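Quick caveat, the model's predicted, so the values are computed rather than measured. A, B, ... follow the sequence lines: proteins, then strands. Residue 1 opens every chain.
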Amino acid sequence: MSAQSDARYSPKEIEPRWQQAWDSDGCFAAKVDPARPKYYVLEMFPYPSGRIHIGHVRNYTMGDVVARYKRAQGFSVLHPMGWDAFGMPAENAAMAEGGHPGTWTYNNIKVMKGQMKPLGLSIDWSREFATCDPEYYGQQQALFLDMYKAGLIYRKTGIVNWDPVDMTVLANEQVIDGKGWRSGAEVERREKEQWFFKISDYSAELLSALDGLENWPNKVKLQQRNWIGYSRGLQFAFDLTAPADGITQIEVFTTRPDTLQGASFVGIAPDHPLAKALEAQNPAVAAFCAEARKGAATEEAMATGEKLGFDTGLTVQHPLDPDWHMPVWIANFIKMDYGTGAVFGCPAHDQRDFDFATKYALPIVPVFVAKGAEEAPLTEAYVPEDSESVRYLRPIAGEPEQTADQAVDAAIKLCESRGIGKDTTMYRLRDWGFSRQRYWGCPIPFVQCDTCGLVPEAKENLPVRLPDDVTFDKPGNPLDRHTAWRSCTCPECGKPALRETDTMDTFVDSSWYFARFTAPHASTPTDLEEADYWMNVDQYIGGIEHAILHLLYSRFFARAMHKTGHLSAKSIEPFNALFTQGMVTHAIYQTRDAQGRAVYHYPEEVELRDGAGFLKDGKEVEIIPSAKMSKSKRNVVDPVAIIDQFGADTARWFVMSDSPPERDVEWTASGAEATYKHLNRVWTLGDKIAALPADAPGEGDDELMRALHRAIDDVTKTIEGFAFNKAIAKLYELTSILSRTKASAKAQKQAGRVLAQLMAPMTPHLAEELWHRLGGAGLVTQAQWPQADPALLVDDVITLPVQFNGKRKAEITVPKDASKEEVEKTALADQAVIKALAGATPKKIIVVPGRIVNVVI
RNA sequence: GCCCGAGUGGCGGAACGGUAGACGCAGGGGAUUCAAAAUCCUCCGCCCUAACGGGUGUGCGAGUUCGAAUCUCGCCUCGGGCACCA
């Protein structure tokens, strides 16, 4: 590896060479080293879709910059990689192209790993695994059995999307405009026995522990808070005036008991026991409920659909006035899985109730009005802030004028004292239903025995492996049809039994992989000693689209793993710091097939002319504005071409430059070339400096050293702050200064080596080359990060702007520690200031030392 | 519909409440070259001005402040999530 001073910058030649050097030195193997602080940096592992896209490059380069920087800071670093390998796309591929989901998945992994390797990521590949490896999912099954034993798993009915033509359960993604994606049939919400994690046991804790996550973005914490959805209110029962099918009461939960005097109806969910009882007797009720159950089972579908109601003809008594009777309606927007599945409607102070009451001509009775206002007919619900004091027209407790918070408190106390209901805390967070009626997932290790019922598989029989001989020519779960696989022996009584055919949600796989990375081949889910050394993840990096579900489930799992002895108490919040990077977006190119269905095209298939896009055959494509890159929409950019053409360092530098990492970035191809040019300049500069005789004198050493230490300080701070784009801007500046300096060879060589160190996290191969040529010892990858000398960071004189009424009019130069008086004197003596004053006397002069002078006239 | 974000030149973006546009891209002019590529120098928000300089400007509208891209309120547009996409 001798310096080749005349050679052109050739990434194809140098990149593999340095990658090999790192490998043979074992630079990236994570080693338990009690003498050093550890640092665990993790990027959300990829789904093996087939090819890496530019979003992956951005994501993994970010993690790699952190990993390399932390290593240089002296940390023992764990930076692993794996594959989130179960899930629907593999089954879809099997349906579309034949073949087996496993073959497709492992092939994709092979291809993607081949594409990632040339990036020179400092990953400990010896820890790699895929969640579809039986070794991994077998341990997941073991963990599952422990969680079951700990009471964290149970079965109950849940709602699924049912395709009545294909006779199969659909994912939300497979429901398009309320219809099945293949059959086109109207989807129904159907109840089905399902497996659940008891995440709701942890609602309060998952909520309160968010406060301790100081290095998480507020927006993520806020989204989780809202998702968990704490609410305090009153739970009580309305007595039916006449029992129906043995039901005498309707239990409701309300956060606004202070509005009881404005109640005008009671609404129940279509799946409420009372609704079901009526449904059995009354065809009109049955028809309404059937209609209400149509469409996708998503929150969004329910919230945006038309609000419909059905008057049951039943009535209930008002709890505070037995003579006051109000009707019971079935309403399609009330959900059985929140609260009690029943509410009382107060149209005057809830917009949805107002709309409902208007539509069905129910009374609208205001409970309070704004202070100073009089009672008047409403055109919309009056919903003031909870902290705003209002005047109660129909109070049940408390002061005549009070805030909602005070009124609710008083109302709860009053109701409790009269024996009406009780003070109740409710969370929006529901238990996590994780059964999937699909093949390509982790089998749920249970068997159905005629004698013993539903029985957990014995641990020694794990892993329960997926059978390989399956076909996807029919809708539904191939496991259901696989009688040989289903047949097994009951682990309790030894009689013939049948396997559970549901598999696990892929979110289960990704809820504990971070822990598995600490001991990826352990014969138990984790190895406590390894986990204790490496956990927690010091820096987790991933997409904002995972702000709620993945991160919340992982937080739950860490607690569950602690409860079952697989993680220690310190790891119940597994991610110390979280960074959510923006997405790489790209326009979507779409045409339509004969049936009018959307057909998507890859960017490289589309030629752009004058803002319009055309396929090779001349057909014009519809251009849909930038959206998250997704394989199904084919709006992905292939980074392999960029690496091929310019090398990994160019790709890495380019994705780190320009856009702040937390922001979405619209991918454009121009710019990669400019990065390549810059790296060439650095290369040439390295040649030039290397060629200087060691004792060559020069001038401006001080200036160069000031610039150098300023750069060390700036780059260090910006990397620490995840502002990689700013770090790169500073590196451009330093390069520019270094290429113009006339300083001595000694100073230039020193500056060049430091430049190599500062560039190393971003462009590690070029940095090694530069370091090596300028006489750096060993590998720059293993060199200690440089330290800025504070003495070189302060300037003796500073320039201050002088504003007139906030508008800049002049500039003055003052010593850095000049007093207010001195600054004011200098300002008033300045020619431009005298001119701007034009003889007038300033009303006031504001001097902020080191910042600004503002003259008020 | 509900929850969470984001909006600054032709483009990506800088800017502890304190000189808006750092740095990069694109573009103009120049040097070098037989020519080109590469490289180097230089200009570059918009409007007025020959220039000096002036006005204006951070999605829109109000407000707080000596001073607002930054804080507050109300809108608009775009993006993410809404529990079976990962």
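Between the C1' atom of B:A83 and the NZ atom of A:Lys156 lies a distance of 12 Å, rounded to the nearest Å. In this structure, the CZ atom of A:Arg225 is 17 Å from the C1' atom of B:G81, given to the nearest Å. Protein atom CG of A:Asp658 is 13 Å distant from nucleotide atom C1' of B:A22, rounded to whole Å. As rounded to whole Å, 11 Å separates atom P of B:U39 from atom OH of A:Tyr676. Spacing between atom NE2 of A:His546 and atom P of B:A83 amounts to 15 Å, rounded to whole angstrom units.
Side-chain contact, A:Ser554 with A:Tyr540: no donor N or O sits under 3.5 Å from an acceptor N or O. No side-chain donor from either of A:Trp216 and A:Gln224 sits under 3.5 Å from a side-chain acceptor of the other. With 3.5 Å as the limit, one finds a donor-acceptor pair spanning the side chains of A:Asp480 and A:Thr501. A:Asp505 and A:Tyr553 are not linked by any side-chain donor-acceptor pair at a separation below 3.5 angstrom, with hydrogens and angles left out of the test. The closest side-chain donor-acceptor pair between A:Asp431 and A:Ser200 falls under 3.5 angstrom.
Regarding contacts with the backbone of B:A83, a side-chain N or O of A:Asn172 is found under 4.0 angstrom from either OP1 or OP2. Applying the 4.0 Å criterion to OP1 and OP2 of B:G24, one finds that A:Ser657 has every side-chain N and O outside that range. Distances shown here put a side-chain N or O of A:Arg436 below 4.0 Å from the OP1 or OP2 atom of B:C84. Checking the phosphate oxygens (OP1, OP2) of B:C82, no side-chain nitrogen or oxygen of A:Thr298 falls inside 4.0 Å. Under 4.0 angstrom from either OP1 or OP2 of B:A15 there lies at least one side-chain N or O belonging to A:Lys726.
Across all strands shown, B:G27 pairs with B:C43; the Watson-Crick or G-U wobble distances both stay below 3.5 Å. Taking a pair to require two hydrogen-bonding distances under 3.5 Å in either a Watson-Crick or a G-U wobble arrangement, B:A35 remains unpaired.
Ion pairing between A:Glu662 and A:Lys219 fails under the 4.0 Å rule for side-chain N and carboxylate O. Checked for salt-bridge contact, A:Lys717 and A:Asp713 meet the test: a charged N lies under 4.0 Å from a carboxylate O.
Between B:C23, B:U39, B:C25, one nucleotide has an atom nearer to the side chain of A:Ala674 than all others, and that is B:C25. Of the listed nucleotides (B:A83, B:G55, B:C84), B:C84 has the atom at the smallest distance from the side chain of A:Val169. Side-chain atoms of A:Ala729 lie closest to B:C23 of the nucleotides B:C23, B:A83, B:G13. When the nucleotides B:G12, B:G55, B:U19 are ranked by their closest atom to the side chain of A:Thr799, B:U19 comes out on top. In the set B:A86, B:C84, B:U19, B:A86 carries the atom at the smallest distance from any side-chain atom of A:Phe507. Ranking B:G24, B:A86, B:A38 by closeness to the A:Glu545 side chain, first place goes to B:A86. Comparing B:C16, B:A86, B:U39 by their closest approach to the side chain of A:Tyr47 singles out B:A86.
B:G53 and B:G7: their C1' atoms are spaced 33 Å apart (whole Å). Comparing the P positions of B:G21 and B:U58 gives an interatomic distance of 14 Å, to the nearest angstrom.
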Can you name the atoms? Protein N/O to nucleotides 1-9 of chain B N/O, anything below 3.5 Å, with the distance.
residue, atom, partner, partner atom, Å
B:G1, O6, A:Glu300, OE2, 3.4
B:C3, O3', A:Asn226, ND2, 2.8
B:C3, O2', A:Asn226, ND2, 2.8
B:C4, O2', A:Gln223, NE2, 3.4

List every contact pair, protein side and nucleotides 40-48 of chain B side both N or O, where the distance is under 3.5 Å.
residue, atom, partner, partner atom, Å
B:C41, OP1, A:Arg740, NH2, 3.4

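A:Phe434 has its ring centre no less than 6.0 Å from the ring centre of A:Phe507.
Proximity of A:Met167 to A:Trp162: side-chain heavy atoms (C-beta onward) are separated by under 4.5 Å at one or more points.
A:Asn854 meets the side-chain hydrogen bond (donor to acceptor under 3.5 Å, both in side chains) test with no other residue; sequence neighbours excluded.
With hydrogens and angles ignored, no donor-acceptor pair under 3.5 angstrom links the side chain of A:Gln803 to the base of B:C66.
Applying the 6.0 Å contact sphere to NZ of A:Lys307 captures more than 12 heavy atoms from other residues, nucleotides or ligands.
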